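Right, one structure below, let's go through it.
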Amino acid sequence: MSDDELIWRIAGGSGDGIDSTSQNFAKALMRSGLDVFTHRHYPSRIRGGHTYVEIRAADHEVQSRGDGYNFLLALGDSFARNPSEDAYYGNEELKPLSENLDDLREGGVIVYDEGLISEEDVEELNLEERAEENGWHVYPMDLRGLAKEHGREVMRNTAGVGVTAALLDMDLEHIEDLMSDAMGGDVLESNLEILHEAYEIVEEEYEFEHDLRAPEGSHETEQALLSGSNAIAYGAIDAGCRFISGYPMTPWTDVFTILSQNFPDMGGVSEQVEDEIAAAALAVGASHAGVKAMSGSSGGGFALMSEPLGLAEMTETPLVLVEAMRAGPSTGMPTKPEQGDLEHVLYTSQGDSQRVVFAPGTIEEAYEQTRLAFDIAWDYQIPVILIYDQKLSGENKNVDVEFFDREPSPDLGSTLTEEELREAAHDNSGKFKRFDYENAEDGVAPRSLPGQQNGRYLATGNEHSPVGHISEDPDNRVYQMDRRLEKLESIREELDEERESTQTYFGDEEADYGIITWGSSQGAVEEAVGRLNEQGHSVKGIGVSDMMPFPEAEMTEFLESVDEAIVVEMNATAQFRGLVQKELGRFGEKMTSLLKYNGNPFEPAEIVEGFEVNIADEDREPTAQVRIEPAAGD
Amino acid sequence: MSAFNAIGDERETDRDEYTPGVEPQPTWCPGCGDFSVLKSLKQALPEVGRNPEEVLTVTGIGCSGKLNSYLDTYGFHTIHGRALPVARAAKLANPDLEVIAAGGDGDGYGIGGNHFIHSARENHDITYIVFNNEIFGLTKGQTSPTSPKGHKSKTQPSGSAKTPIRPLSQSLTAGASYVARTAAVNPNQAKEIIAEAIEHDGFAHVDFLTQCPTWNKDARQYVPYVDVQDSDDYDFDVTDREEAAEMMRETENVLNEGTVLTGRYYVDEDRPSYTEEKRAVGEMPDEPLAERYFDDDAEWERSYDLLDRHK
Ligand SMILES: Cc1ncc(C[n+]2csc(CCOP(=O)(O)OP(=O)(O)O)c2C)c(N)n1
Ligand code: SF4
Ligand SMILES: [Mg+2]
């Protein structure tokens with residue numbers, strides 16, 4: 001736990017504008033030269049309900065939320081129910097302060113809004129006593145009053161930012177610039193006034209007792225702050241995707257929204273439709289007719305896509321689907337992250353799965369793997385699913401702007417032109433042999449598009465002959481099935497031999513112990529591996545992205561090279577460990593699971609502790625809400 | 001230069017071109033009404049000047065879903081109930097295609113009912129033919145959403161307790177801009193109606209009464225039928241929503257009493273199609289999206305140019 005970093009938590013009612021305030025503050029920190037990473041805690045209610053956003057900022061790269069935090073800005077909850085009674089929900093107005101104290105580090109700073117949080121309430125919290133015990137420094141200020149005086153009450157977030165900047169000794173320049181970009185007129189003027197007033201009051205009237213200051217850093221290149229959802233949407237745009245169909249569901253809605261807002265200016269089409277069955281079926285229809293199309297959903301909606309997904313496999317229609325996991329089963333915890341849909345995504349739909357599944361671990365990987373998904377889907381005519389979660393969807397991180405400076409790839413892969421179709425194989429009646437197993441390469445039989453001359457064929461979810469006629473001929477069945485499955489082997493080969501690995505490795509290659517994870521838990525694992533090595537342990541880590549086809553060679557090599565490994569994932573049934581054992585058929589005795597499914601992502605410290613308890617055999621129970629699933633035979 | 005040169009190719013075609021030369025021979029039972037739908041399409045398509053490769057026939061699952069196995073156009077035999085969403089998207093992707101969707105009464109009014117309502121509501125420029133045999137044919141004779149009340153089947157051995165749905169009224173209420181009913185026993189009218197439906201710009205719904213002699217033996221063969229346009233007993237304005245609604249209600253009421261009314265019920269030439277509506281709000285390009293992928297000069301927008309908002 002380093003103190004050269006700032007972890008600022010802004011807490012209030014959801015609907016209080018915390019998102020935009022924190023987004024801008026994160027940008028200001030980024031512009032000042034720091035690397036930033038944001039973590040959003042969501043309640044399910046639209047307005048009210050306590051929520052917070054954490055911004056971690058340091059002079060070095062940050063890939064994860066930190067352990068706890070060191071600066072609290074508690075705004076009070078203006079949408080609180082039963083504000084003064086201790087009703088069923090407790091005193092909600094106080095929650096932004098009361099609910100956040102447990103994670104505040106020693107020596108941390110607290111700013112709270114005296115205008116919303118009453119003195120008596122604070123007394124009841126025993127704040128003074130607790131502050132003394134923990135070395136916290138408490139700075140109350142009437143943010144609401146200040147905002148009202150110079151503008152409107154809702155501007156109290158700005159007052160909070162002003163206080164924060166003053167206490168952290170930050171320059172106001174970037175904050176002012178960002179405000180000027182976002183607003184104008186009287187609103188801007190009032191906000192600027194409030195910002196300065198708050199800053200000055202702190203400078204003039206408050207005695208600083210804390211050591212925490214904003215870190216200093218610099219970037220060599222220009223940075224952009226984006227979320228995992230942005231990265232997926234942008235990857236799709238750059239891959240030439242111009243059709244999206246969907247039905248809203250948290251957290252998939254973000255990707256859907258971003259593309260729906262951008263497509264009109266790009267000649268693309270977005271369709272919000274009646275349900276997820278339709279959503280997936282539309283994407284299949286658009287792709288069939290020649291457009292790079294995608295759809296997606298979260299667990300429950302993805303369940304409805306199961307049958308169209310199978311149709312895409314059988315008709316070999318290129319398709320990209322995204323699945324933004326949230327805690328299940330059923331409606332589960334709609335706004336909480338979990339990695340519980342892996343098996344759902346790998347195996348849903350009838351028959352033998354014929355799909356590709358990637359699980360990006362970071363924002364950069366989300367972009368890269370979205371593009372990869374489109375490449376593979378259109379080259380091999382196969383559905384590719386990107387599986388991610390609430391965590392990756394909503395967290396923001398700074399990325400080098402130049403990272404995005406690349407050529408778009410709208411290529412339709414193995415699709416023929418009319419010229420090529422003239423030369424292609426047809427049956428006696430002139431029907432195109434679209435599923436021609438005799439001339440297929442790597443299992444791929446190129447396709448035509450409706451409206452092309454000499455390309456007509458039948459696409460069908462039934463087993464079919466080379467021109468697409470329904471066929472139950474046993475030989476044809478085996479040829480077609482083998483050919484379709486061969487595509488998966490070819491894809492594995494391409495991933496192994498022609499492309500940079502999508503797996504991410506960290507730590508010392510020669511290490512004795514391994515930590516394995518997949519998808520969005522990667523950042524926390526990376527940080528934990530770093531800390532364990534600093535503490536003198538010999539550990540390396542791998543963040544796996546290829547779920548199907550499984551990276552057999554890489555995983556075998558990794559597991560062979562270590563004595564023991566922990567598999568870290570956010571679910572209760574060790575789904576990824578199960579996949580490893582199924583695919584490799586061994587190593588069961590080497591892998592212990594560290595599982596978390598309480599609705600919050602892993603913090604690095606929990607992984608460090610999991611390692612200490614399990615591998616270093618320290619004789620204690622983990623303190624965090626995690627579960628250990630012993631290795632087979634243990 | 002188009003990448004889809006079958007589209008708009010004005011050459012003459014005839015019904016033979018729509019008949020697959022090699023396999024497969026239809027597997028429909030002798031006397032099945034489905035043959036009539038196939039026949040009327042084979043007649044109507046050349047008549048309205050389409051060639052097989054500019055037509056995409058999208059079907060659901062059922063005996064009816066086999067239509068595009070025997071109609072030699074581009075075809076997509078999808079899954080049960082989902083022909084419409086696939087068809088709609090193909091039309092959005094390449095609006096110059098002639099898109100025809102088809103399926104059974106179970107397929108379209110039961111499992112796919114939600115898509116039916118929304119496709120009509122949105123007025124997609126496609127033709128939708130429902131093979132209405134008042135039964136689940138392919139799965140061997142279970143009660144369907146259009147089976148009459150009291151209809152006995154293996155799954156409703158004491159007779160169905162449900163009143164059948166009213167497909168014409170539902171279609172009108174949902175927003176279809178062309179609604180007609182025809183019958184397998186009425187080939188001339190069927191051909192004309194199918195041709196009109198194809199030519200119509202908007203969602204054209206044809207409820208096509210097709211007898212199933214194998215599983216619905218008790219059902220009438222829909223004879224005698226009455227064409228509401230030809231009969232002196234009926235006089236209503238097909239462009240008037242209220243009058244159309246009234247006529248549809250009457251038609252649906254008397255069907256199960258043995259009177260088979262057919263004809264055009266509602267025609268609205270003024271309602272813009274979904275493509276036009278979407279273009280009007282600026283959410284759909286003027287040129288077919290599918291063409292762009294073949295245009296070497298196309299400039300593809302990049303996310304790199306969107307980054308200002310993130311800095
Ligand atoms: C999701 C799903 N449920 C059930 C079936 C089985 N099934 C196939 S066709 C059919 C009903 C067919 O009736 P209809 O749509 O009226 O078509 P018809 O055979 O009468 O032309 C059913 C239930 C299926 N294929 N898929
Ligand atoms: S079962 Fe009925 S609907 Fe199906 S082919 Fe035979 S007659 Fe036609
Ligand atoms: Mg039927």
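Since the structure is predicted, the reported quantities are computational estimates derived from the model, not experimental observations. No hydrogens, no waters, no symmetry mates; every other heavy atom, side chains included, goes into these values. In what follows, chains carry the letters A, B, and so on, assigned in the order in which the sequence lines appear, proteins first and then strands, with residues in each chain numbered from 1.
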Is it true that B:E17 and A:R456 make a salt bridge, defined as a side-chain N closer than 4.0 Å to a carboxylate O? no
Structural part of [X] lying under 4.5 Å from a heavy atom of chain B:
X	value
A:F243	side chain
A:L412	side chain
A:E222	side chain
A:L178	side chain
A:L225	both
A:M266	both
A:D411	neither
A:S260	neither
A:Y367	side chain
A:N230	side chain
A:Q223	backbone
A:R31	side chain
A:S270	backbone

For [X] against [Y], the heavy-atom pair lying closest together:
X	Y	value
A:Y234	B:R309	OH-NH1, 3.6 Å
B:E283	A:P264	CG-CG, 4.2 Å
A:A289	B:L97	CB-CD1, 4.4 Å
A:S429	B:G21	CB-N, 3.5 Å

Is [X] reaching over with its side chain to a backbone N or O of [Y], donor-acceptor style, under 3.5 angstrom?
X	Y	result
A:E307	B:I79	no
B:Y293	A:K292	yes
B:E53	A:G455	yes
B:R302	A:D238	no

Got [X] and [Y] here, is their nearest side-chain heavy-atom distance under 4.5 Å?
X	Y	answer
B:W300	A:E407	no
A:V284	B:T78	no
B:S69	A:L458	yes
A:L226	B:L307	yes

Quick one: of [options], who has the most non-hydrogen atom pairs under 4.5 Å with chain B?
options	value
A:N428, A:N462, A:D405	A:D405
A:A293, A:P408, A:P410, A:A283	A:P410
A:A236, A:G461, A:G240	A:G240
A:H464, A:E402, A:M314	A:E402

Mark yes when over 12 heavy atoms from residues, nucleotides or ligands other than A:E419 sit less than 6.0 Å from its CD; otherwise mark no. no
Does OH in A:Y247 sit with more than 12 non-hydrogen atoms of other residues, nucleotides or ligands closer than 6.0 Å? no
Describe, in one word, how the ring planes of B:F76 and A:H288 are oriented to each other, choosing from parallel (under 30°), tilted (30 to 60°) and perpendicular (over 60°). tilted
Per-residue contact mode, [X] against chain A (heavy atom under 4.5 angstrom):
X	answer
B:E122	side chain
B:Y70	neither
B:L56	side chain
B:K66	side chain
B:N51	neither

B:R292, B:M284, B:R121, B:K91: which one forms the most heavy-atom pairs within less than 4.5 Å of chain A? B:R292
Winner by heavy-atom pair count (cut-off under 4.5 Å) against chain A, out of B:K278, B:E54, B:E98: B:K278
Given A:V273 and B:H118, is the side chain to side chain contact (heavy atoms under 4.5 Å, CB included) satisfied, shown in steps? CA-CA 8 Å; A:V273 295; B:H118 287 274; over 6 Å; no
Please report the interatomic distance CG(A:L311) to NE2(B:H80), rounded to the nearest 0.5 Å. 14.0 Å
Give, for atom CD of A:Q452 and atom CG of B:N94, the distance between the pair rounded to the nearest 0.5 Å. 10.0 Å
Do the ring centers of A:F404 and B:H310 come within less than 6.0 Å of each other? no
Does the side chain of B:N114 come under 3.5 Å of the side chain of A:E274 through a donor N or O and an acceptor N or O? no
